[in-house]
Amino acid sequence: MKTPLVHEAVHDAAPQPVRCIWACWLALAMALCSPLAQADNRNPSPLKAVQDLRFFAATATTPSATFALVDNALLRITDAGDNVVHLSRSVPDDAITTFVTILRSGALELAVGTSASGVWRSVDGGTTWLPTSGGLTCLSVIALETINPQTQLAATRCNGVDTLWRTSDAGANWRSVAVLANGVRLNRLVAAGAGEGLSQAYTSNGVLASADGGANWRAAAEFPSLAFLSTLPAGSQVLDMLFTDATATRGAGTLVLVQGVGVFFSQRIGTATSVSNGTLQLLNDGLPSRNFGPRFSTPGNQVMLTLEGSQAGIYELVSGPRWQLAISTAALPSVLQVFKFNASSDVWYASTRRSGLWISANNGRRWARLGVRSVRVAAAVAGLTFPGGRLANAAVDISLVDRRDGDQRLLTVTGELDLAALQVPQAALFNVYVLAYVPTAAANPATAAFSVLQKTPAETWGVAAVPLTAYLANATLGSQDQAILIELIVDIDMGTLPGTEFYLGYGTTGEEMLAAQRYRGVYKVVPP
């Protein structure tokens, strides 16, 4: 019996064992010349390259909104993603690097930091902006935080030196309050922590703190309530701290997120303002990796954090104490942060390093890329080079965005693979594979050869090799309400890829997938 996706790809070849057949078509595959290989670098899609994502609650005059910094543009997203508004039209063209919200008498004010023109402020929700950089000798702003409507903290970086600044008059005048040692980098700047009254600066060389609104800074471990930081392992890279109250799962205390090490807990005795007992407990039970996102998320009384990479997801601290997966985001490439729309809603937002903003309206069970209006297309595809396959149509959902840009028709195709709808093989774990059949005659009509490409976990396409590279490795079959989202192509000119076919499959290995026919063609590019 012929092996789909392999035997028919080598024209006029006799049936051979699977591995030999792979070697045959690999020998014929041309060096990759398809625009598909450059899919991640051409014509960036709307809402790509997210730099920051922050959630803020409603004010008396402004509806609930999520603010995102995308491609150096500040956006306000309301109505659970149905309304996206650009807020940075009058800010200078140099890059917006950071932003904060400022609540004043029920109104919403905004401030942004830029890469070369300092700090700008808006008092009308982002419609108009005015420069507020008095006294800043370095105009490359990397962080902003708000203590109150008049008092703000900022960090700048010029000539390899990071400097902390403070204003007490809404940005009319700034003064330098701390200069970091040459080469020491600021990772995050935080206004006064809940119940502690301490602002913090997380650096590559330790944590600084201020008890007077950022006017004076010293090592955080010198403060009684943060003395436990001195007992952290040497060289600890602290990403964040979270002050919890008695309603949290672990009780009142401080959680410390240390990159590559784990989460530490220091119990607090008595009231929220009393000192810690200085004892650190490592809380890593249930965490599959230590590759953390940049900050905690705390909807309601939940304590949650995000993991990046192959174990991407939102993990919640539960009784035990231990961490358990609350929402899987393994399908989202390079998750940076995940935020809940509000405490009572099922709406979540996720920001990613390469593929922009995503939204889930059903508590993380399904995700869609925000700002991309797509249409569903049939999972059953006609005219495939390799028909058949035992991956059920019900397990696949395809979204298509077809838009014009001048004379070009740009195509974005997103596949959704429902793990709960897959037939479970004997092995407990399996891999997901993403392949493309590219007739290279489209690029060179004198050639009848083709290329078989594979998509890697790094979201790049390359010529397939033996063994196949899994797009997602060691997944669990039959996962309830878990869908893997795969961006097959993003804003690619349809005219350059006529006849290209995309296939999704799963198996314990690539060869096992092919032999068991656990794959399906999900889309074929038809020339305009």
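Small disclaimer: the values here were computed from a predicted structure and weren't measured. Throughout, numbering of the chain's residues begins at 1 and tracks the sequence.
A donor-acceptor pair under 3.5 Å is absent between the side-chain atoms of Thr306 and the main chain of Ile314, judged by distance alone. At least one donor-acceptor pair closer than 3.5 Å links the side chain of Thr244 to the backbone N or O of Gly253. Judged by distance alone, with hydrogens and angles left aside, the side-chain atoms of Arg157 form no donor-acceptor pair with the main-chain N or O of Asp162 at under 3.5 Å. Put simply, the side chain of Thr97 gets close to the backbone of Gly113: a donor and an acceptor are under 3.5 Å apart. No donor-acceptor distance shorter than 3.5 angstrom exists from the side chain of Tyr506 to the backbone of Leu417, with no hydrogens or angles considered. Checked by atom type and distance alone, the side chain of Arg185 pairs as donor or acceptor with a backbone atom of Gly160 at under 3.5 Å.
Applying the salt bridge (charged side-chain N to carboxylate O under 4.0 Å, His left out) definition to pairs two or more places apart or across chains, those involving residues 216-236 are Arg218-Glu222.
Ring geometry for Phe67 against Phe99 counts as tilted: the plane angle lies between 30° and 60°, on a 0 to 90° scale.
In this structure, Ile398 and Thr414 have side chains that are not in contact, with every pair of non-hydrogen atoms separated by 4.5 Å or more. You'll find the side chain of Trp165 stays beyond 4.5 Å of the side chain of Leu153, heavy atoms only. Here the side chains of Arg188 and Gln200 are not in contact, with every heavy-atom distance at 4.5 Å or above. Contact check for Val396 versus Leu391: side-chain heavy atoms found under the 4.5 Å cut-off. Using a 4.5 Å heavy-atom threshold, the side chains of Thr156 and Ile142 count as separate. The shortest side-chain heavy-atom distance between Ser122 and Glu109 does not fall under the 4.5 Å cut-off. For the pair Val522 and Leu488, the minimum side-chain heavy-atom distance is below 4.5 Å. For the pair Thr163/Cys138, no side-chain contact is recorded, criterion being any heavy-atom separation below 4.5 Å from C-beta on.
Of all heavy-atom pairs between Leu283 and Trp323, the closest is O-NE1, 2.9 Å. Residues Val263 and Leu257 approach most closely at CG2-CD1, 3.5 Å, considering heavy atoms. The two residues Gly510 and Leu468 make their nearest non-hydrogen contact at CA-CD1, 3.9 Å. Contact detail for Ala252 and Phe265: the closest heavy-atom pair is O-CZ, 3.7 Å. The two residues Ala215 and Arg175 come nearest to each other via the heavy atoms CB-NH2, 3.6 Å. For the residue pair Leu186 and Ala143, the shortest heavy atom distance occurs at CD2-CB, 4.0 Å.
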(Q) Go through it in stages, so that I can follow the logic: the residues are Ser199 and Ile147, the test is side chain to side chain contact (heavy atoms under 4.5 Å, CB included), and I'd like the CA-CA distance, side-chain angles, deciding distance and then a yes or no. (A) CA-CA 9 Å; Ser199 299; Ile147 294 179; 4.0 Å; yes

Q: Start with the C-alpha distance between Thr146 and Asn148, add both sets of side-chain angles, then the distance that settles side chain to side chain donor-acceptor pair (under 3.5 Å), and finish with yes or no.
A: CA-CA 6 Å; Thr146 295; Asn148 58 53; over 6 Å; no

Q: Test side chain to side chain contact (heavy atoms under 4.5 Å, CB included) on Thr167 and Asp169 and set out the steps.
A: CA-CA 6 Å; Thr167 179; Asp169 53 13; 2.8 Å; yes

Q) Under the side chain to side chain contact (heavy atoms under 4.5 Å, CB included) criterion, do Leu208 and Leu180 qualify, and how do the steps go? A) CA-CA 10 Å; Leu208 301 177; Leu180 304 187; 3.7 Å; yes

**Q.** Ser133/Leu139 under side chain to side chain contact (heavy atoms under 4.5 Å, CB included): CA gap, chis, key distance, verdict
**A.** CA-CA 8 Å; Ser133 301; Leu139 298 180; 4.2 Å; yes

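When Val238, Val258, Asn284, Thr231 are each tested for a side chain to side chain contact (heavy atoms under 4.5 Å, CB included) with Phe264, only one passes: Val258. Screening Thr114, Ile96, Leu110, Thr132 for a side chain to side chain contact (heavy atoms under 4.5 Å, CB included) involving Trp120 leaves a single residue, Thr114.
To the nearest 0.5 Å, atoms CZ (Phe292) and OH (Tyr315) are separated by 11.0 Å. Annotation: the span from Trp174 atom CH2 to Arg166 atom CZ amounts to 10.0 Å, rounded to 0.5 Å. Atoms OG1 and CG, on Thr254 and Leu229 in that order, are 8.5 Å from each other to the nearest 0.5 Å. Ser210 contributes atom OG, which lies 6.5 Å from atom CG of Asn216 (distance to the nearest 0.5 angstrom). Leu504 CG to Met513 CE: the interatomic distance, rounded to the nearest 0.5 Å, is 10.0 Å. The structure places CG of Leu164 at 11.5 Å from CD of Glu145, a figure rounded to the nearest 0.5 Å.
In this view, Tyr433 and Asn431 satisfy the side chain to side chain donor-acceptor pair (under 3.5 Å) rule, not counting sequence neighbours.
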